[in-house]
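Worksheet for the structure shown next.
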There are 2 protein chains.
Amino acid sequence: MDQPRQKSPSRIQRQNRKRILDAALDTFSQHGYRGATLDQIAEAAGLSKPNILYYFTGKEDIHVTLLNRLMLTWLEPLERMEADGEPLEELLDYIRRKLKMSRDFPRESRLFANEILQGAPRMAPHLETGLKPLFDRKCQLIAGWVSAGRIAPVDPGHLIVSIWATTQHYADFEAQLAVLMPDRDAQWQSAQAHLEAMFRKLLTP
Amino acid sequence: MDQPRQKSPSRIQRQNRKRILDAALDTFSQHGYRGATLDQIAEAAGLSKPNILYYFTGKEDIHVTLLNRLMLTWLEPLERMEADGEPLEELLDYIRRKLKMSRDFPRESRLFANEILQGAPRMAPHLETGLKPLFDRKCQLIAGWVSAGRIAPVDPGHLIVSIWATTQHYADFEAQLAVLMPDRDAQWQSAQAHLEAMFRKLLTP
DNA sequence: CCGCTTTTTTACCATTTGGTAAAGTCACGA
DNA sequence: TCGTGACTTTACCAAATGGTAAAAAAGCGG
C-alpha cells in the first residue's frame, strides 16, 4: 500500500542512518529530548535537515530508535549473570562488565539517564516489559544465593540498584568527576578496584 | 547609576520571585536548561511570561539563581562531616543526611544531575571554587582516618563518589525505581538500611 | 482621595524549531 | 548510455520561543 519498506536497505541507507543515529546520540545524550534540535543533529551528521527527515519520520522516531537499540545492549550484562558459577564471582563480573560499559559507552549511559530524569516518557513500556522482568528474575537469583548462604544477606533489589548507581555514575557525572579527579587515566582502574573491594566486602558471608 | 537595586524587596517581590523559582525548579529539573521553556515556567507559576521577565532578566538568570541557591544546601551535609566524632559514625551520618536530601529535595537533585549531564556549562565555576576545595578537604580528612587505622583502608575520593552515586540515584532515577520497586513507602527505609549496612561493612576495619 | 511607584497586561517581534513540497541530482541495472 | 528509482537540495511554513515596549492597573504613603 504505502511504503513497501524495502527488504534490503542500500549501502547509502545503512551509512546515513548510522551517521544520523550517531549524531543524534551525541545530541540527545547531552541535551535530552526536548533540548536537542534537528538542526544540531543534522549539522553533527553532516546532512541537511530535510535529508534527515528522509531517513526518519521525525525527531521522535530517531529518539525511539536510539532507545530501542540501547535496551538491547543495556540489559545484556545483567542477563549474563547466571546461576552457573560462584555467586560472588558472578556478581563481581557483572560489576566489571557494567563499569566497562560506562567507560566504553558513556553517551548511551547519559541518553538513558536523561530519559529517566525526564520521567521516562518514551521508555516506560521498555522498562515495564524489558527491564522489570529481568530485574525480578535476577533478584530471585540473588535471593536464592542469599538463602543458600552463598553470599552475605543483602536486599537483592537494592544491591542491583547500588551497582547501577555506582557504575553509571562514572559516565553520567563525568563532567563533575573531571573537576574533582582530574587524572582521568588512572581513574578507571582505581574505580574498578574500589568497587570490587566494596562489593566484595558487602557480599562475602 | 542604573538600577539602585532596592535595599528591601517588597512583599510582592519576595512572594513572586519565590513562586517563579519554585515553578522553574519543577521545569528545569525535569527538562534541563534547553528543554525548559519560559511559557512552561510562567504557567506553572501562574504568572504571565512578561511578568516573569519583570522579576528576572532572562531564562538564564532564573537558572543561575537556582544553581546558586542549590550549591549552598547541597554542600552543607558534607561540610558537617567533621573530625570531631567517631569516623565511622561521621560517615554514616553523612550518608543518612545525603539520603534524606534525596528524599526531601528530589527536584534539586535532578536539577543538579541535569546540569552535570549536560556538561555543567553553567556550573563549572561553582564546581571549581565551591565543590572542589570541600571535596579535597574531606578526602584528606578521610585519608587521615584511614592512616590512623580508624576505618578500613579505602580510596577517599571513590568513597565519596560512591556515597553520592548511591544516595542521589534514589532521587534522580525515581522514574525507573517506581517501575522496579512499586512499593515506594517502604523503599526509603529499606534503602537506608541497605546503604548503612553496605558502607558499614566497607568501612569497618 | 491623590499622586507616585510598583506590578501586570496587551500587543508585538525576530529567531528558532519541527516538518513539508517539490524540484533537482545521483547511481546503477538493462 | 539512458531511464528509473533512490537520494538531496531548495524553498518554504506554521507554531513555538525568548524577549521587548508601552499602556493599564494595583498598591500605598500622605
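Convention: sequence-line order gives letters A, B, ...; per-chain numbering from 1.
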What's the CD-P distance between A:Gln40 and C:dT15, to the nearest Å? 19 Å
Quickly work out the A:Lys49 NZ to D:dC13 P distance and round it to whole Å. 14 Å
Quick check on D:dT8: is either OP1 or OP2 less than 4.0 Å from any side-chain nitrogen or oxygen of A:Asn16? yes
Just by distance, no angles: are the side chains of B:His31 and B:Asn114 close enough, under 3.5 Å, to form a donor-acceptor pair? no
Both A:Arg34 and A:Ser48 contact DNA chain D. Taking the nearest nucleotide for each, which residue is further toward the 5' end? A:Ser48
Can a side chain N or O of A:Tyr54 be found less than 4.0 Å away from OP1 or OP2 on D:dT8? no
With heavy atoms under 4.0 Å as the rule, sort A:Phe56 into base, sugar-phosphate or nothing. nothing
With a 3.5 Å distance limit and no angle check, can you tell me whether A:Lys59 reaches the backbone of A:Ala36 through a side-chain donor-acceptor pair? yes
Establish, with yes or no, whether the OP1 or OP2 oxygen of C:dT8 is under 4.0 angstrom from a side-chain nitrogen or oxygen of B:Tyr55. yes
Output the rounded distance in Å from CG (B:Leu38) to P (C:dC13). 20 Å
In whole angstrom, what separates A:Leu47's CG from C:dG19's P? 17 Å
To the nearest angstrom, how far is B:His31 atom NE2 from D:dA16 atom P? 15 Å
Classify B:Thr37 by what it touches in the nucleic acid, base, sugar-phosphate, or nothing, heavy-atom distance under 4.0 Å. sugar-phosphate
Under 6.0 Å from the ring centre and within 45 degrees of the ring axis: does the NZ or CZ of A:Lys100 meet both conditions for the six-membered ring of A:Trp188? no
Can you find a donor-acceptor N/O pair under 3.5 angstrom joining the side chain of A:Lys59 to the base of C:dG19? no
Should B:Asn51 be listed as having a side-chain N or O under 4.0 Å from OP1 or OP2 of C:dT7? no
Could you check whether A:Ala42 gets within reach of a base, just the sugar-phosphate, or nothing at all, counting any heavy atom under 4.0 Å? nothing
Is it true that the side chains of B:Gln187 and A:His158 contain a donor and an acceptor less than 3.5 Å apart? yes
Does D:dA6 have its OP1 or OP2 closer than 4.0 Å to a side-chain nitrogen or oxygen of A:Gln13? no
Checking side-chain polar atoms at under 3.5 Å, does B:Ser109 have a donor or acceptor matched by the opposite partner on B:Asp172? yes
Let me know the distance between CD1 of A:Ile62 and C1' of C:dG19, rounded to the nearest Å. 12 Å
Identify whether any heavy atom of A:Leu53 sits under 4.0 Å from a base atom; if not, whether one sits that close to sugar-phosphate; answer base, sugar-phosphate or nothing. base
